[in-house]
Visitor: 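What follows is a structure written as structure tokens; I'll ask about it next.
To find a chain, count down the sequence lines: A is the first, B the second, and so on, and within it residues start at 1.
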2 protein chains.
Amino acid sequence: MKNNNDILSRAEENYLKEIFHLSGKEKDKVSTNALAERLDTKASSITDMLQKLKAKKLVAYQKYKGCSLTGSGEKVALHIIRKHRLWETFLVNKLSFGWDEVHAVAEELEHIRSKKLIDSIDQFLGFPKFDPHGDPIPDKDGNINYQESKIKLSDTSVKSIVEVVSVNEDSLALLKYLDEIGLRLGSEIEIYSRVPYDESIQVSIDCGDSISLSKKVTENIGVRFKSKMTNK
Amino acid sequence: MKNNNDILSRAEENYLKEIFHLSGKEKDKVSTNALAERLDTKASSITDMLQKLKAKKLVAYQKYKGCSLTGSGEKVALHIIRKHRLWETFLVNKLSFGWDEVHAVAEELEHIRSKKLIDSIDQFLGFPKFDPHGDPIPDKDGNINYQESKIKLSDTSVKSIVEVVSVNEDSLALLKYLDEIGLRLGSEIEIYSRVPYDESIQVSIDCGDSISLSKKVTENIGVRFKSKMTNK
DNA sequence: ATTTATTTTTAGGCTTGTCTAAATATTTAA
DNA sequence: TTAAATATTTAGACAAGCCTAAAAATAAAT
Ligand SMILES: [Mn+2]
Ligand SMILES: [Mn+2]
Ligand SMILES: [Mn+2]
Ligand SMILES: [Mn+2]
């Protein structure tokens, strides 16, 4: 069942995780350049590694055609993501880290190899379903709960009221900015108007003052529809 | 103050830590072969690395003369040891790991690079002074509290009563055996007699049944003298 | 349908950390 | 104090993971 070569290196784990993310819910093929950019390496390095991962049957790959995860590759990716998100949750919930301070550390912690450790952390945290950025945490069998009703704040229509359910964790600057303006998971956002030219929107956060959010911000915030504004 | 090349690799950190341990309280010079055995590598690999660490001014080293840590090398070693022991304490105190289950995981966790993380763990644990094996935990400035009165159980005299203050964490089998016979940190041991031939001793643990402990066991247990047995 | 631009792969090289085999120092024993 | 044993270092090699430069494939634009 488990042969000795499923002891994967940190680099291999990072590649698998990133292929999973770029592949998305639709399981699209992932291009060499896309991976190179996300992993901050050169395209030639990606090609090298894809050949190795293919030999280990963790990715499906054909020259010039992009790659995708195999069943076992996806299983590994989900386990790394589980560890990443549980550690982030631990840092925020137990050690009072800010949501902008956890990603870098979790990038290291996600590679710690101990089934017992991560399952204990899971239990210690009370089996959380979402991480501090609103991303779903895979369970120990790799089951993951996408929030079906989630849409981008940039895709909402004027006069609707929505609830923030996730934020893109990739940009430290974004997370700090959201902290500043008081936008967090669970915040209620009323969309007053949209400027067609730059697609910025005018909103209020948790019934606060009206504020403008740029497209660059709104496309990185996941929300769930709550209701239409009542005009009174 | 800090140049960019004090980002040390995992291997370098492990070498420094092991030199610290082998060097001991007396700061003895450490031989190439001793290091090779502990680090489970070949002597030639040790020589290579010592040359690199010397170039980085982390160890003092002269061909054929052994090595020792410099001031900054010792500082690094103490920081790794601090992390190792704090993580072990976390696993035992917060996640209910056994004292025999923590060392392997801590070998990985000790390399996580985040000042904030380890200081938060320290606080979360209430600034513990000793790890689950009774070893002192260096504070954030690298100060370490050796227990001056500690001696090996193998060096105690018959009819004395001692308290267990530490156990050698290196052998999984030893830790499991000690669990079995109910010997833990804080246990009171009465030494009844010693067999000169094999240096085994007859003892009772926490007033339990009399039991024989071999030299191999007793030389791996640290104790503190409490009193002489009263004959009644 | 060519030409041009972009993407991807190959070829060859570098560093880190390891190895084996051979050479050299040091220590121990005769 | 010389010879044998042991400890250590050097020489040369290798895998992993990355790089640059050049070649090849694919996609886009005339
Ligand atoms: Mn993250
Ligand atoms: Mn996250
Ligand atoms: Mn340990
Ligand atoms: Mn310990």
Visitor: What distance do Leu35(B) atom CG and Ser45(B) atom OG have between them, rounded to the nearest 0.5 Å?
Guide: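 OG of Ser45(B) is found 11.5 Å from CG of Leu35(B).
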
Visitor: Atom CD of Glu12(B) and atom NZ of Lys52(B): how far apart are they, to the nearest 0.5 Å?
Guide: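 These two atoms lie 7.5 Å from each other.
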
Visitor: Can you tell me the distance, in whole Å, between the CG atom of Leu53(B) and the P atom of dT16(C)?
Guide: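 Roughly 12 Å, once rounded to whole Å.
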
Visitor: State, to 0.1 Å, how close Val92(B) and Pro132(B) come at their nearest heavy-atom pair, and which atoms those are.
Guide: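 Between these two residues, the closest heavy atoms are CG2-CG, 3.5 Å.
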
Visitor: Can you tell whether the side chains of Lys42(B) and Asp48(B) come within less than 4.0 Å, N to carboxylate O?
Guide: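 No salt bridge links Lys42(B) with Asp48(B).
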
Visitor: Less than 4.0 Å between a side-chain N and a carboxylate O, is that true for Lys150(A) and Asp155(A)?
Guide: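 Not counted as a salt bridge, because no side-chain N and carboxylate O are separated by less than 4.0 Å.
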
Visitor: Drop me the distance from Lys83(A)'s NZ to Ile118(A)'s CD1, to the nearest 0.5 angstrom.
Guide: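 Answer rounded to 0.5 Å: 7.0 Å.
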
Visitor: Restricting to nitrogen or oxygen on both sides, can you table the protein-nucleotides 25-28 of chain C pairs closer than 3.5 Å?
Guide:
| residue | atom | partner | partner atom | Å |
| --- | --- | --- | --- | --- |
| dA25(C) | O4' | Tyr64(B) | OH | 3.2 |

Visitor: For DNA chain D, determine which residues of residues 37-45 of chain A have any heavy atom closer than 4.0 angstrom to one of its atoms, and list them numerically.
Guide: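 Only Thr41(A), Lys42(A), Ser44(A), Ser45(A) qualify.
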
Visitor: So how far is it from Asn220(B) CG to Lys152(B) NZ, rounded to the nearest 0.5 Å?
Guide: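 Asn220(B) atom CG to Lys152(B) atom NZ measures 7.5 Å (nearest 0.5 Å).
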
Visitor: Whole angstroms only, please: what is the CG-C1' distance between Leu35(A) and dT7(C)?
Guide: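 Value for this atom pair: 14 Å.
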
Visitor: Judged by atom type as modelled, is there a donor-acceptor pair below 3.5 Å linking the side chain of Arg85(B) to the main-chain atoms of His133(B)?
Guide: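 Flag not set: sc Arg85(B) to bb His133(B) has no pair under 3.5 Å.
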
Visitor: Base, sugar-phosphate, or nothing for Thr32(A), non-hydrogen atoms under 4.0 angstrom?
Guide: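 Touches sugar-phosphate only.
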
Visitor: What's touching nucleotides 12-16 of chain D from the protein side, N or O pairs under 3.5 Å?
Guide:
none

Visitor: With a 4.0 Å cut-off on N to O distance, would you call Glu107(B) and Lys17(B) a salt bridge?
Guide: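 Salt bridge flag = yes for Lys17(B) with Glu107(B).
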
Visitor: How close or far is atom C1' of dG17(C) from atom CG of Leu8(B), stated in whole angstroms?
Guide: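 Distance, rounded to whole Å: 15 Å.
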
Visitor: Going from CD on Glu13(B) to CZ on Arg10(B), what distance comes out if it is rounded to the nearest 0.5 angstrom?
Guide: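 Result: 8.5 Å between the selected atoms.
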
Visitor: Return the value, rounded to whole Å, for the distance between atom CD of Glu12(B) and atom P of dT15(C).
Guide: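 Atom-to-atom, Glu12(B) to dT15(C), this comes out as 15 Å.
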
Visitor: Using whole Å, report how far CD of Gln51(B) lies from C1' of dT10(D).
Guide: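 Roughly 9 Å, once rounded to whole Å.
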
Visitor: Look at the aromatic rings of Phe90(B) and Phe124(A) and report parallel, tilted or perpendicular, splitting at 30° and 60°.
Guide: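 It falls in the perpendicular class, over 60°.
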
Visitor: From CD1 of Ile46(A) over to P of dT9(C), roughly how many Å is that when rounded to an integer?
Guide: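 Interatomic distance, CD1 of Ile46(A) to P of dT9(C): 10 Å.
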
Visitor: On the nucleotide dT6(C), are OP1 or OP2 found under 4.0 Å from the side-chain N or O atoms that Asn33(A) carries?
Guide: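 For dT6(C), neither OP1 nor OP2 has a side-chain N or O of Asn33(A) closer than 4.0 Å.
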
Visitor: On the nucleotide dT8(C), are OP1 or OP2 found under 4.0 Å from the side-chain N or O atoms that Tyr61(A) carries?
Guide: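 So the side-chain polar atoms of Tyr61(A) never come under 4.0 Å of the phosphate oxygens OP1 or OP2 of dT8(C).
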
Visitor: What is the separation between atom CD on Gln62(A) and atom P on dA25(D), rounded to the nearest whole Å?
Guide: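 Those two atoms, CD and P, are 15 Å apart.
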
